[in-house]
Amino acid sequence: MTAATHSTLFPQVPETADAVLDGLDPEQREVARALSGPVCVLAGAGTGKTRAITHRIAYGVRAGILQPASVLAVTFTNRAAGEMRGRLRELGAGGVQARTFHSAALRQLQFFWPKAVGGDMPRLLDRKIQLVADAAARCRIRLDRNELRDVTGEIEWAKVTQTVPADYPAAVAKSVRDAPRDPAEISQIYALYEQLKRDRSVIDFEDVLLLTVGILQDRHDIAEQIRRQYQHFVVDEYQDVSPLQQRLLDLWLGDRDNLCVVGDASQTIYSFTGATPDHLLNFRNRHPNATVVKLVRDYRSTPQVVHLANGLLSQARGRAAEHRLELISQRDPGPEPAYTEYADEPAEAEGTARRIRDLIAAGVPAGEIAVLYRINAQSEVYEQALADAGVPYQLRGAERFFERQEVREAGIALRGAARAGGNDSLLDDAEDLPSQVRAVLSTKGWTTKPPSGSGAVRDRWESLAALVRLAEDFARAKSGATLSDLVAELDERAAAQHAPTVQGVTLASLHAAKGLEWDAVFLVGLTEGMMPITYAKTDEQVEEERRLLYVGVTRARLHLSLSWALSRAPGGRASRRPTRFLKGLRPGSGSLGSATVAGAGGIERGITAGRRKPRGPVLCRVCGATLTEAGAMKLMRCEDCPSDMDEGLYERLRDWRAEQAKELAQPAYCVFTDKTLMAIAERVPTTDGELSSISGVGIRKLDRFGADVLAICAGGEGRTGEDEVS
């Protein structure tokens, strides 16, 4: 492949087995060559663990040591399994099974059910929460929406820890677990939930593992059939294995030991789901002759980011901390982590949005920036702030790319156009592959400019735009590629769940960010009560919170920002304190010794560094209540208080905004959000000062749009975007 056609999306397949090892560091190469017996890879964040294990499998396949169909690689998410399949395909090792524990077990259960049990397999529940609600109702226990979700989580935890309903109260007490309801009540709901499943002939995802374990324990002939097929096992993220998953893995293995596990005890953050690092930490006890390799060369993060990550773990306690890995950055030096203190949460969100806007202006792609928080409820104020700043964003946790309706419809349209070829008039003026794709997708909603807003229409456009970008990359990498070639590539990617990137700043919880990375990461809301979270009471729970922050820090490649707010709402009492985990690591917080603090970035005070000034409590102008929600503070009234909005003015402002967005080739929310327009139409400002007092109208927007808005409020017409540009 020549330099002109090379693309990291479509790399060249290595020509030989030895070529698979090219580019691996000594420790990764040791992993790749360890193809027999038990192997334990202790891999720190950013050290290339997926690269090491996929090259290990590919090397074994290409060298003729491993048969592709005899290898089963398991991990914990469909995304990770898809990435693994994609990498193996690129290395010439197609045919290797890379699946989640659940999908591998489900496949076996579906195949062996007629032989082991007979008849049709029960239907698999997509969501168990409605059945839990039915069980609670029959027990005459009333649960609100949040309690229902929490009780469902408790049932899932009980099942993966192999706890039956009668034993649940004792198991909760032993684990020092905070149950969302009386354990006796949850035990009752759990028991009736299991009965309802039997009555309705359905099973849940935990049953998939339990039933597979039961069949393999009871039917030795079936267990031996599976063991004959799978001779070699690889388990990624081994620190997250639950007791039930370990039991299934033991049954797959039988008395063999061709097992390679990869993990990092310092990244154990899912114990609330039943995950435990004990299996990783005890691996060498169970397998005394195991090959153990440590990966500590960090290729992801700069020395400054790695320095902070190592500092966090240096304060850790407990068994996982005893096995922590000291990372060594392999990258050139970068900027110091930034620490910023704000007066209140809206100020923190606005300050974060400004910094993100500056990074994008400096050339950092929006898709390479993330805002990470402890709980999903923190996202709203950042969504609003980013929208006000004109920054596109996406929420982490949507359905998988190739399962989205618009992507499926686009695939059907592209396949039809490929079959029609020159007979499709839609392609008459399309000279190359990207223009053909743009022509086809224009019938499905793709346009050269993104639509306004941040809802479903924008989400659909972003999906189609990602397909357009993929077609452009494919055409550059594969000279002379046709529409049929692209359709085949999309089919392979769909099968591997290898999705292209949708551009936009990522908003995600720290848990959802596991396994991902960005050029710039903003860790926000780092106060006591949120990090560690209030309900982390035991030493073990607090240490897991520390590991969660460590995971957040190690998501950053280059830019890292850590911030906190002293109060929740503007004018509130400044009673919050920054997280204890940064004590001795951030300037002015004590010292852990010169080696830890040296070179630390300075703390910037958001009150004086930004444009916000301290202000008193925000009161509803209708009923006088104190406002705390961002949307209500923008309107200066409770959401359910009557509005005195001038409907005609609001519509004129919307029409003006649409013209501005069109002329400036930006989404409408980049001009002003709907809430900001509502606030303007309710308060009808007559001066710059009155307009700037409305949340969402900052100095930049006041300078750019203020004259127009005031003119419209006075009954005139605003300038068009074209007039402003000229």
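All residue numbers in this chain count up from 1 along the given sequence. As the structure is a prediction and not an experimental result, all values here were calculated from the model. Note: hydrogens, waters and symmetry copies are ignored here, and every other heavy atom, side chains too, is used.
- The two residues Glu326 and Val296 have their closest heavy-atom pair at O-CB, 3.6 Å.
- Considering CD1 of Ile189 and SG of Cys139, their distance stands at 5.5 Å, rounded to 0.5 Å.
- A side-chain donor-acceptor contact under 3.5 Å links Asn282 to the backbone of Asp278.
- No side-chain donor-acceptor contact under 3.5 Å links Gln330 to the backbone of Asp298.
- Listed for the Tyr373 side chain is no donor-acceptor partner under 3.5 Å among the backbone atoms of Leu523.
- Between the side chain of Arg547 and the backbone N or O of Gln267 there is no donor-acceptor pair closer than 3.5 Å.
- Applying the side-chain hydrogen bond (donor to acceptor under 3.5 Å, both in side chains) test to pairs two or more places apart or on separate chains, those with a residue in residues 55-77 are Arg33-Tyr59.
- Remark: Phe283 pairs with His287 by the ring pair (Phe, Tyr, Trp, His ring centres under 6.0 Å) rule, at least two apart or across chains.
- Phe76 is linked by a ring pair (Phe, Tyr, Trp, His ring centres under 6.0 Å) to Phe101, counting only residues two or more places apart in sequence or in another chain.
- Tyr190 and Glu154 share no donor-acceptor pair across their side chains, judged by distance under 3.5 Å alone.
- Note: Ser509 OG to Leu372 CG = 8.0 Å, rounded to the nearest 0.5 Å.
- Looking at residues two or more places apart in sequence or on another chain, you find a side-chain hydrogen bond (donor to acceptor under 3.5 Å, both in side chains) between Arg300 and Glu517.
- Looking only at distances, no side-chain donor or acceptor of Asp240 sits under 3.5 Å from a matching main-chain atom of Thr268.
- Counting only residues at least two apart or in different chains, salt bridge (charged side-chain N to carboxylate O under 4.0 Å, His left out) contacts with residues 189-204 comprise Asp134-Arg200, Lys159-Glu194, Lys159-Asp204, Glu194-Lys197, Lys197-Asp207.
- Contacts of Ser242 classified as side-chain hydrogen bond (donor to acceptor under 3.5 Å, both in side chains), with partners at least two apart in sequence or in another chain: Gln245.
- The side chain to side chain contact (heavy atoms under 4.5 Å, CB included) test with Leu42 is passed by exactly one of Leu295, Thr47, Leu280: Leu280.
- A salt bridge (charged side-chain N to carboxylate O under 4.0 Å, His left out) check over residues 250-260, counting only residues at least two apart or in different chains, returns the pairs Asp250-Arg286.
- In this structure the side chain of Val235 reaches within 4.5 angstrom of the side chain of Tyr238, judged on heavy atoms.
- Judged by distance alone, the side chain of Gln130 and the main-chain N or O of Arg127 form no donor-acceptor pair under 3.5 Å.
- Judged by distance alone, the side chain of Glu543 and the main-chain N or O of Arg317 form a donor-acceptor pair under 3.5 Å.
- For the residue pair Trp252/Gln108, the side-chain donor-acceptor check at 3.5 Å is satisfied.
- Shown here are the salt bridge (charged side-chain N to carboxylate O under 4.0 Å, His left out) partners of Arg219, two or more places apart in sequence or in another chain: Asp221.
- If you check the side chains of Gln28 and Arg297, you find no donor sitting under 3.5 Å from an acceptor.
- Shown here are the ring pair (Phe, Tyr, Trp, His ring centres under 6.0 Å) partners of His232, two or more places apart in sequence or in another chain: there are none.
- Proximity of a side-chain donor or acceptor of Ser187 to a complementary backbone N or O of Pro183 within less than 3.5 Å is not detected.
- A donor-acceptor contact shorter than 3.5 Å is absent between the side chain of Gln188 and the backbone of Ala184.
- Remark: Met531 CE to Leu548 CG distance equals 4.5 Å, nearest 0.5 Å.
- Every residue was checked against the side-chain hydrogen bond (donor to acceptor under 3.5 Å, both in side chains) condition with Arg284, not counting sequence neighbours, and none meets it.
- Surrounding CZ of Phe111 are at most 12 heavy atoms belonging to other residues, nucleotides or ligands under 6.0 Å away.
- Between Leu216 and Leu248, the closest heavy-atom pair is CD1-CD1, 3.9 Å.
- Annotation: ring pair (Phe, Tyr, Trp, His ring centres under 6.0 Å) contacts of Tyr230 (sequence neighbours excluded): none.
- For Asp539, the CG atom sits in a loose shell: 12 or fewer heavy atoms of surrounding residues, nucleotides or ligands are nearer than 6.0 Å.
- Applying the side-chain hydrogen bond (donor to acceptor under 3.5 Å, both in side chains) rule to Asn258 yields no partners; only residues at least two apart in sequence or on another chain are considered.
- Rounded to the nearest 0.5 angstrom, Thr276 OG1 and Leu281 CG are separated by 7.5 Å.
- Of the possible polar contacts, one joining the Gln541 side chain to the Thr538 backbone as a donor-acceptor pair under 3.5 Å is found.
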